[in-house]
There are 2 protein chains.
Amino acid sequence: MKPRTTIRDVARKAGVSVGTVSRVVNGHPSVTEAKKRAVLQVIAELGFRPDAAAQSLRRGTNRTLGVVIPDLRNPFFAELMQHIELRAKERGYSVLFASSDEQADSEAELIANLARRKVEGVVLVPSNRAERIANPDGVRLVVVDRRIAGHPFVAADHRAGARMAAEYLVSLGHRRIACLSGPENSFVARERLAGFMDVMAPRLAEAGLDPASCIISAPFDYEGGREAAKALLADDGPRPTAVFACSDQQAIGVLRTAFDRRITVPDRLSVVGFDDILISDLVAPRLTTAAQPLAAIANCATDLLIGGEPLDAAASHIFPCAMVLRETCAPPL
Amino acid sequence: MKPRTTIRDVARKAGVSVGTVSRVVNGHPSVTEAKKRAVLQVIAELGFRPDAAAQSLRRGTNRTLGVVIPDLRNPFFAELMQHIELRAKERGYSVLFASSDEQADSEAELIANLARRKVEGVVLVPSNRAERIANPDGVRLVVVDRRIAGHPFVAADHRAGARMAAEYLVSLGHRRIACLSGPENSFVARERLAGFMDVMAPRLAEAGLDPASCIISAPFDYEGGREAAKALLADDGPRPTAVFACSDQQAIGVLRTAFDRRITVPDRLSVVGFDDILISDLVAPRLTTAAQPLAAIANCATDLLIGGEPLDAAASHIFPCAMVLRETCAPPL
DNA sequence: ATGAAAGCGCTAACAT
DNA sequence: ATGTTAGCGCTTTCAT
């Protein structure tokens, strides 16, 4: 790594002062056209790039955003990350990424490290266990997907989305509908379950059924769905004719178990997922799901941080979901 | 954002000089136990964290790695990214992420930006079109997944992996085997195709068949596989009894098309993928594939960068693939 | 073992 | 419009 070209080198070669070079670089208006051209010329010749550390030290900020996400192996998070980085790049920002691995207690540490690095803000997708966030450095923070008291959050309307999914299943004629919920300590899981219950509770009560009997909790991933489905689709007792899974990954896991058990979807079992990750359109049969507007969420969170507006809870944004009807649902036999 | 606590604040409160505080922070040995304790105490009280920009300016480096990847929506890349970040974090490094969106010409720009930010090195997964890399800043660079002249690269042995896959299909008794290759300008695609041909060329020659007749190129993603399979599985002429797809995503796309065409897998069509992404174990039927040792690749690339060893082409590492036998292959009828 | 002080490269305030 | 300069927070040499 050769010694970097500095602003002094440029100044010397262009026969101007460092101040002028700085002004040119930062587009300050009061520089004559002639000098500006000369400086730009030298900058190009020398391949000068301002040292980000020096700028950061001087300005106290450095056009960088932090993103803390539980796990990129979850395609929903990976897609979110991709959208965030894209938007940030469009606006001239770079992205520092850190995964929390679903360890709630590591999140504070990660955020503190980002603060140390002078990020202008951080997008946090909290792990399930996170109830609140230690943010001693007062970093600008936007919470995505899950609500955390006292912070602005940007998310889909999980509850309304789940309601739509349940209503859709009911409209198809299903009555025995199971809900494959997420981890019990998860805000998202609770919201989606609540949406499901908004629709189902009255019906269950009418039929004199215990709501608990049609709910099962499992991790949001493929494996969680696959395992939970084994219980749901057991041969004892009346099997549900439809299941609403709280994530597409879970739903795909359900599809997997149904396939293993030779339960054809959608003929003998309808399945609805939640998220609309890319793979959902490729599995066989294609997954019907409540789609989150991922790009809108990512862009909103990013813009909030970059915009510099005050980030109180009033800055929160909730986006509606939309049902994407594909091939995993049909009226019960 | 309150004004940061600086090293001076700590020094004043602890009644020592800034030099001593710095020595304590950096674990320099020549500090008496008593002062060390006092300083540590004050650091804890004040919640002091050294300013990364100042350290970076002074040291010329800042415990940060850059990662440039085409697209996180590709689960293979997302998993790779997750592994890299994990390893980097273990070693006390942070990760700046940038996606190139498969634009070869944007890679140089992204790397230059990372250089400006004083990363200690960058892991680059080049886009298909990249033939060589402009690296005017002399950044430490490790190329992952594909070979680029003049740079150390870390990757699976694509060719040998493809050979294994083809051999496996042959050993099952298949003769009409199609290769669903990647984009023609892709190094990885060419390597895997070459591995396939190592096995198939002699057989094809013997049968007097044109090798081109059993090869089709498509993007590495789900959609590419799905579309290519439509041609491969057309009803005119003898259909292949097996398909070797150059990525799991493609393979899953093939499964999708086969399902649509009512061609049962593996009975009437065997499918082998390449990569072993997480979803491959969940699709129905489960995908048989040539698995890349993802964690090993990610760790190796990360360690190479952090280790500070010279990064010539001799630093390259090739890891063997392993066949993962699941449910998409059977002898031909 | 410790303190004092010189910068790292840049921006912005001040002077001209 | 442009040059000069202080100083952002830190590490590290040089004295002591």
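What you are looking at is a predicted structure, and each value in this text was computed from that prediction instead of being measured. Every chain is numbered from 1, with letters handed out A, B, ... down the list of sequences.
Panel note: side chain Arg73(B), backbone Ala78(B); no donor-acceptor pair is recorded below 3.5 Å. The main-chain N or O of Asp145(B) is found under 3.5 Å from a side-chain atom of His158(B) such that the two form a donor-acceptor pair. For Arg87(B) (side chain) and Ala295(B) (main-chain N/O), no donor-acceptor pair under 3.5 Å exists by modelled atom type.
Atom CG of Leu57(A) and atom P of dA12(C) are 13 Å apart (whole Å). Atom CD in Gln55(B) sits about 17 Å away from atom C1' in dG9(C), given to the nearest Å. To the nearest angstrom, P of dG9(C) lies 7 Å from NZ of Lys118(B). When rounded to the nearest whole Å, the span between CZ of Arg63(A) and C1' of dC10(C) equals 16 Å. Rounded to an integer number of Å, the gap from Arg4(A) CZ to dC8(C) C1' is 12 Å. We find that CG of Asn62(A) is positioned 15 Å from C1' of dG9(C), with the value rounded to whole Å. Look at CZ on Arg59(B): it is 17 Å from P on dC8(C), rounded to the nearest Å.
Looking only at atom types and distance, the side chain of Ser99(B) has a donor-acceptor partner in the side chain of Gln82(A) under 3.5 Å away. Between the side chains of Glu107(B) and Gln103(B), no donor-acceptor pair of N or O atoms lies under 3.5 Å. With 3.5 Å as the limit, one finds no donor-acceptor pair spanning the side chains of Ser186(B) and Arg146(B).
Atom CZ of Arg129(A) has more than 12 heavy atoms from other residues, nucleotides or ligands within 6.0 Å.
Nucleic acid contact class of Thr6(A) (heavy atoms, under 4.0 Å, all strands): sugar-phosphate only. Using a 4.0 Å heavy-atom cutoff across all strands shown, Val25(A) reaches no nucleic acid atom at all. If you check every strand for non-hydrogen atoms under 4.0 Å, Thr32(A) touches sugar and phosphate atoms only.
When the nearest nucleotides of DNA chain C are assigned to Gly19(A) and Arg23(B) by heavy-atom distance, the more 5′-ward of the two goes with Arg23(B).
Within the 4.0 Å cut-off from OP1 or OP2 of dG3(C), at least one side-chain nitrogen or oxygen of Ser17(B) is found. When the side-chain nitrogen and oxygen atoms of Thr20(B) are compared with OP1 and OP2 of dG3(C), one or more of them lie within a distance under 4.0 Å. Here Lys35(B) reaches the OP1 or OP2 of dT2(C): one of its side-chain N or O atoms lies under 4.0 Å away.
Between chain A and DNA chain D, the heavy-atom contact criterion of under 4.0 Å yields a 5' to 3' nucleotide range of dA1(D) to dG9(D).
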